[in-house]
Amino acid sequence: MATLDTLKQALRQKAKASSPKQPLSDMEYSAGFDTLLRGSGWRTYQDFIIPQISQLMAPLFNSGDYISALEIGPGPMSLLGHLPSCLRQKIKKYTAFEPNDLFASRLVESFCSTSETESPLPCLRNPPNIHRIPFGLQDNIESGTSSRMRENDEKYDIILFCHSMYGMKPKHRYIERALEMLVERPQGGMVVVFHRSGTLHLDGLVCHRTASFPTGVVSVANDDKVLDCFASFVTGFSMQDVDVDKAIQVEWRKVCRALGRREEVHPDHLLFSSPNTMVAFTQHATMLLELVAQVPLVTGDKRVKNRQALFHPAVSIVRPKDVKQIQHCVQWALKHGVGLSVIGGGHSGHCLWPNVVSVDMGAFDQVHILTAGEHGRELSDLGSLIIAEAGCKTGDVILKSMEVGLTVPLGARPSVGAGLWLQGGIGHLSRLHGLACDAIVGAVVVSVDSSQVLCVGHVPRQHWQVGAVRPDNEADLLWALKGAGTNFGIVVSVTFKGYAAPTFSIRSWVLPCSDNLRARFWLEKFDSIVARKLPRSCSADAYLYWDTDQLHIGVTMFESSTTRSTLETPTPTLLSTMLGPEESFRVMDGVELFEAEMYMSGMHGGHGGGKTSSFKRCLFLKRIGAVGIADILLAAMETRPSPLCYFHLLQGGGAVGDVAANATAFGCRDWEFACVITGVWPRNQDGTEAAQSAVQWVYNVARDLLSLSSGAYGADLGPDPRDAALAVKAFGPNRLRLTHLKQNLDPRNVLAYACPLPKTPMKQKLIILVTGESCAGKDYCADVWVSVLIAHRSLTARAVSISDAIKREYAAANGADINRLLCNRAYKEQHRSALTTFFREQARQRPRLLEEHFLNVVYGAADVDVLLVTGMRDHAPVAALSHLVSDSRLLEVHVQAAEQTRETRRGCHGGDGGSNGSKDSINLTALDYRPSLIFDNDALGNEAAKDFAEHYLLPFVHEDLQRLANMVGQISDFPRLGVEFRHVLNISQQPGGLALCTSLLQTHFASDWTRVNAVACCEAGGYIFASALAARVDVPLVLIREAGKLPPPTVSVVKPSSYILSLASNTSKEKRIEMEQDVIPKGASVVVVDDVLSTGETLCAVLQLLEKSGIGAEDITIMIVAEFPVHRGRELLRQRGFGKINIQSLLVYGGA
Ligand SMILES: Cc1cc2nc3c(=O)[nH]c(=O)nc-3n(C[C@H](O)[C@H](O)[C@H](O)COP(=O)(O)OP(=O)(O)OC[C@H]3O[C@@H](n4cnc5c(N)ncnc54)[C@H](O)[C@@H]3O)c2cc1C
């Protein structure tokens, strides 16, 4: 997809010869800007800009101080005005520079609140100060008003360059000017730039943080008038001469139509890629000189091999000469609150990062060998050791080791560096000896927390650094370095365990495939024969690629042996029986082996003649021949954006799987093939659309394979948001431990650009099931709620459709195109009835289908704090599913809209998806249960949905709930062995506990307390919380007691003994409970309060009692302090006919 930058160049090119040109009038500019925002440009704000501002500013907003803000070029609406209201309220002073008169007027207007609209910044102490001039480098003086005010007298906490820095030259001077205008305070203010372009180079300025949004898209109506307005907005000018202007517009429309992508979903729109970048600076941005005075600068980027990295050069590269200088780098980064990136072999895309300093480890290039006996008695058990400094390459280590008959199981290319062994390291010896990281037995590391030199594991005495210490968490650090080692410190050297150097025999086959059927046949054969039958001393790789207009499968088998003579004569192998005689057979040593790779020699005329660039992501697969997987691989070959793209399938198993998943940080061990999805393009197209398409292709294929994979390779995952989903699956079961270690070992996120470790989820995940009628706007609402949750509380939140799972299964089974099935409405319609039949059949065969899909969705979103699940059509899903995720809080929000609204939406957008393609809708009145919350989605726009999220969803992620949870004691083996007792009543024994609990009960009640006639409770636990609550909300209390304790007349029912009592006594005795007759008038509205909901027996008895007294289920709400979903109390209530009662629980606990 062409970027807006490419479009701009093409449009300008068309107008190059025509002159003279004129800048756009305010009106033209404003119309163009509106086109951009309307054309889904708004998504960039919602998904990137607003969450980024909220996260960056969180410390400032949380400081409790008043905040002053300056916006440069905000357009017609303050950017800060899109923040959640609790943040907007903190802003007390607002200034803007907006030279476009029309925008400035609209901006002024927006601040005039009316009865219907609130001011975007409602708590300003003075009227907003809006200057209708550009932000200048010198004195920013307001002109044309009576109060000529010198802007440079003003200081701000936040200065935002809102929409790019076009026209500001040199850009770094403008940032420096803004930096001078920052308030000076310890947790100082910030200058934040949002720029509509891939990268932003700002000479000599070091950023505090930077982030990118490469997937932004602008969609423009394919209409002459709209295109005219859009094209001149993109170029920034129109023609002075009216006739020339008309002629150019015709040309520009052609350019837009030629470059814009059309999608079947919106055939009348043109799409352009609009990546966005955020760069944030603090007052420390200008401190680079301080570092380069201590550590030598590198000129030229010779050591960086990765071509994409060269496209976003670092602000500076320093090359420390000794460990002291590495420590200087860390001390400097900590002092100024900035990040660092590290260059090992320079093969990843993020060893350089724009506006960040890179530390090149090139000076640490020594390999030391200590054969058994040379390294002292304490390490003699380990045999020979190889100490590789962090600037060494794979080739250096192998060459030096081979000189003494040793080797280390590293990777296949000689130029790859420390990033390989710190993040895994898959090679031809992996099946025999394990991964490169498995061979690490010790390391020397500079801490990015304290800048101390740390020695971990086995480091021979002679390689200890002066002043090095063993850290307290040594075992943790060594564990983390083995597979996730780029995140926890700057590694100076590692100690490898050495193995005897083998000789290799290499045999290759090339299998042309006349069609996909043939290719599938070979993949299946290769999978079932190779994966299962080869001995560990052999490993076979397959390549799937196109060459000379035909699909090929290339196979190379590597056999290793420490006795060369056994390999010299080719013997028949399983592969030769299956594939026939090999094309080539060679015997070579570990260094010669580097040139034997098929992609270096056999494919595409030998590595595309060496003049290509590539982008790779790697997923781990168990079966490559399985129908679903082989289909994805073959379909991807057909959609490859360049003929050079290919798959490399490296064989695993053997020793890789011998290591337990949690024994090292590299947690993905259960796989037979590492599938390297490789996007390739000619080197002379670096940085162009061709390169971007290849990268996007890799991500698309990775996305399609991810759910069928058994993990992702963490190497090379970086800050690109498209890597986030892969990073979640990168460390198997170790993710949470790694996240905690990151907080301990790199608390200030110095290594911010290494493989992303998903942040620690909230202590308790919130899962919101968004249900409702067809076309009520469930998906739309889910998206809005995600953005509110992200922006408001810096949470991670994601909306996922559960129906995608069945669509994927259907596509895999029937050969349908999954991407079109997910996104293209017409295509979906074509498959609707087949999909429904498929779903019904699956549901018949797999009675637990819903549970399976639900758990898949939940596990797939293990990294997020709040998961919103759409596409769910099952009744009473909270009662049915909460016991499966009893550690999480499950809510159902039912979205409803009037029939007419839904009809209109069906016409406009095609409505939102159902779970299985059926058209029937849920009718709320027909439900035999009550969803947790109901949202009426009839209003236009997203304000109502946002308000709903702020009022009803955010309370569920409020820290007060955690505070309350902390007051509940946990007692092991009570009331009997093996039981973890949660002492819920302990809340009332804590200072402020009862007040906090009752205030939460009050605010979590979704209706109006003034309409409640009674708060009912059953002795004993319920009494404590109910009486305090009743007093607080001023509602009479109704007491339910054991029979015989209340004066007659009473009504009574039988109540089985509570869960915890039955545990204690091992018997289950029934009792009667009663309440005074007529204490509650018939038809009254009642809130039942109890301390605990477990099996639900007590509540059922209470509800039966109320029923006997003439209180209908529709007039009852239940409020619980702590719920234990594993006992399925809600389901019992539903089965006993009380499903229509709303139940709210403040705390939810897994386990008994
Ligand atoms: C041509 C090619 C072939 C490959 N072959 C294989 C293969 O056979 N097997 C395999 O498993 N992988 C392979 N890879 C993937 C490779 O492992 C990763 O690209 C790896 O990140 C490269 O490491 P590097 O040191 O060369 O790159 P760099 O970009 O220098 O480093 C990669 C990451 O490691 C960090 N890092 C580097 N040094 C240090 C240090 N001293 N302390 C802390 N962090 C550090 C960097 O900051 C960066 O985040 C290959 C990649 C390419 C491009």
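The figures here come from the full heavy-atom set of this structure, side chains too, leaving out hydrogens, waters and symmetry mates. A quick note: this is a predicted structure, and the numbers were derived from the prediction, not measured.
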Practice task
Show the numbers, then the answer: is there a side-chain contact (heavy atoms from CB on, under 4.5 Å) between Arg735 and Lys729?
Solution key: CA-CA 8 Å; Arg735 193 176 51 91; Lys729 284 195 93 172; over 6 Å; no

Exercise for the section: Take Tyr543 and Val510, measure what side-chain contact (heavy atoms from CB on, under 4.5 Å) needs, and give me the verdict at the end. Expected result: CA-CA 9 Å; Tyr543 292 83; Val510 174; over 6 Å; no

Practice task
Mind running side-chain contact (heavy atoms from CB on, under 4.5 Å) on Ile529 and Thr577 for me, showing each step along the way?
Solution key: CA-CA 11 Å; Ile529 294 180; Thr577 318; over 6 Å; no

Problem - Candidate pair Ile426 and Tyr713, rule side-chain contact (heavy atoms from CB on, under 4.5 Å), full reasoning - result: CA-CA 10 Å; Ile426 305 164; Tyr713 192 7; 3.8 Å; yes

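Considering Leu410, Val656, Leu650 in turn, Val656 is the only one that fulfils the side chain to side chain contact (heavy atoms under 4.5 Å, CB included) rule with Ser430.
Considering every non-hydrogen atom in both Leu259 and Phe272, the closest pair reads C-CE2, 3.9 Å. In terms of heavy atoms, Lys393 sits closest to Gly344 at CE-O, 4.5 Å. Pairing each heavy atom of Leu11 with each of Trp252, the nearest pair is O-NE1, 2.9 Å. The minimum heavy-atom distance linking Ser614 with Gln308 is given by the pair O-OE1, 3.4 Å. A pairwise comparison of heavy atoms in Trp509 and Leu579 identifies CD1-CB, 3.5 Å as the closest pair. Heavy-atom minimum distance, Ala694 versus Pro641: CA-CG, 3.6 Å.
Looking at Cys675 and Leu633, their side chains come closer than 4.5 Å, going by heavy atoms from C-beta outward. Within the 4.5 Å cutoff, no side-chain heavy atoms of Phe230 are placed close to those of Leu270. Counting heavy atoms from C-beta on, the side chains of Tyr753 and Thr210 come closer than 4.5 Å. Counting heavy atoms from C-beta outward, Phe504 and Glu559 have side chains that stay 4.5 Å or more apart. For the pair Val220 and Cys256, the minimum side-chain heavy-atom distance is 4.5 Å or more. The shortest side-chain heavy-atom distance between Arg196 and Ser274 falls under the 4.5 Å cut-off. The side-chain heavy atoms of Cys755 and Phe731, taken from C-beta on, include a pair separated by under 4.5 Å. Inter-residue side-chain proximity for Leu717 and Pro756 is flagged as met; some heavy-atom pair is nearer than 4.5 Å.
Between the side chain of Tyr545 and the backbone N or O of Met637 there is no donor-acceptor pair closer than 3.5 Å. The backbone N or O of Cys351 sits less than 3.5 Å from a side-chain atom of Ser341, completing a donor-acceptor pair. Counting only distance, with no hydrogens or angles, the side chain of Gln685 and the backbone of Ala691 share no donor-acceptor pair below 3.5 Å. A donor-acceptor contact shorter than 3.5 Å is absent between the side chain of Lys14 and the backbone of Val255. In terms of modelled atom types and a separation under 3.5 Å, the side chain of Arg431 and the main chain of Leu534 share a donor-acceptor contact. Remark: the backbone N or O of Asp541 is not paired with any side-chain donor or acceptor of Thr556 at under 3.5 angstrom. The closest donor-acceptor contact from the side chain of Arg520 to the backbone of Leu517 lies at 3.5 Å or more, if one exists at all. Side-chain N or O atoms of Arg303 include none that pairs as donor or acceptor with a backbone N or O of Gly345 at under 3.5 Å.
A donor-acceptor pair shorter than 3.5 Å can be found between the side chains of Asp779 and Thr870. Looking only at atom types and distance, the side chain of Thr678 has no donor-acceptor partner in the side chain of His648 under 3.5 Å away. Between Ser212 and Thr277, the side chains place no donor N or O within less than 3.5 Å of an acceptor N or O (distance only, hydrogens not considered).
The side-chain hydrogen bond (donor to acceptor under 3.5 Å, both in side chains) search around Asn700 returns Gln696, not counting sequence neighbours. Residues satisfying the side-chain hydrogen bond (donor to acceptor under 3.5 Å, both in side chains) test with Arg257, not counting sequence neighbours, are Asn222, Asp224. Considering only residues two or more places apart in sequence or on other chains, Trp681 meets the ring-ring contact (aromatic ring centres under 6.0 Å, His included) condition with none of them. Remark: His428 pairs with Phe558 by the ring-ring contact (aromatic ring centres under 6.0 Å, His included) rule, at least two apart or across chains. The side-chain contact (heavy atoms from CB on, under 4.5 Å) search around Pro512 returns Gln550, His552, not counting sequence neighbours. Ser613 pairs by the side-chain hydrogen bond (donor to acceptor under 3.5 Å, both in side chains) definition with Asp686, not counting sequence neighbours. In this view, Ala702 and Leu619, Ile677, Leu726 satisfy the side-chain contact (heavy atoms from CB on, under 4.5 Å) rule, not counting sequence neighbours. Residues satisfying the ring-ring contact (aromatic ring centres under 6.0 Å, His included) criterion with His312, sequence neighbours excluded, are Trp353. Applying the side-chain hydrogen bond (donor to acceptor under 3.5 Å, both in side chains) rule to Glu263 yields the partners Arg261; only residues at least two apart in sequence or on another chain are considered. Partners of Lys254 by salt bridge (Lys or Arg N to Asp or Glu O under 4.0 Å), not counting sequence neighbours, listed by chain and number: Glu251. Taking Trp697 as the reference, Phe647 meet the ring-ring contact (aromatic ring centres under 6.0 Å, His included) condition, with sequence neighbours excluded.
Between the CZ atom in Arg683 and the NZ atom in Lys611 there is a gap of 8.5 Å [rounded to 0.5 Å]. How far OH of Tyr646 is from CZ of Arg640: 14.0 Å, rounded to the nearest 0.5 Å. In this structure, CD1 in Ile553 is found 9.0 Å from CZ in Phe526, a value given to the nearest 0.5 Å. One finds the CD1 atom of Ile506 at 6.0 Å from the CZ atom of Arg586 (value rounded to the nearest 0.5 Å). The line from CG of Asp670 to NZ of Lys622 is 3.5 Å long, rounded to the nearest 0.5 Å. Leu523 CG to Leu544 CG: the interatomic distance, rounded to the nearest 0.5 Å, is 6.0 Å.
The stretch residues 704-725 participates, sequence neighbours left out, in these salt bridge (charged side-chain N to carboxylate O under 4.0 Å, His left out) pairs: Arg617-Asp723, Asp720-Arg722.
Ring geometry, Tyr699 versus Phe615: the interplanar angle falls from 30° to 60°, so the pair is classed tilted. In this structure, Trp671 and Phe620 have parallel ring planes: the angle between them is below the 30° cut-off, well short of the 60° mark.
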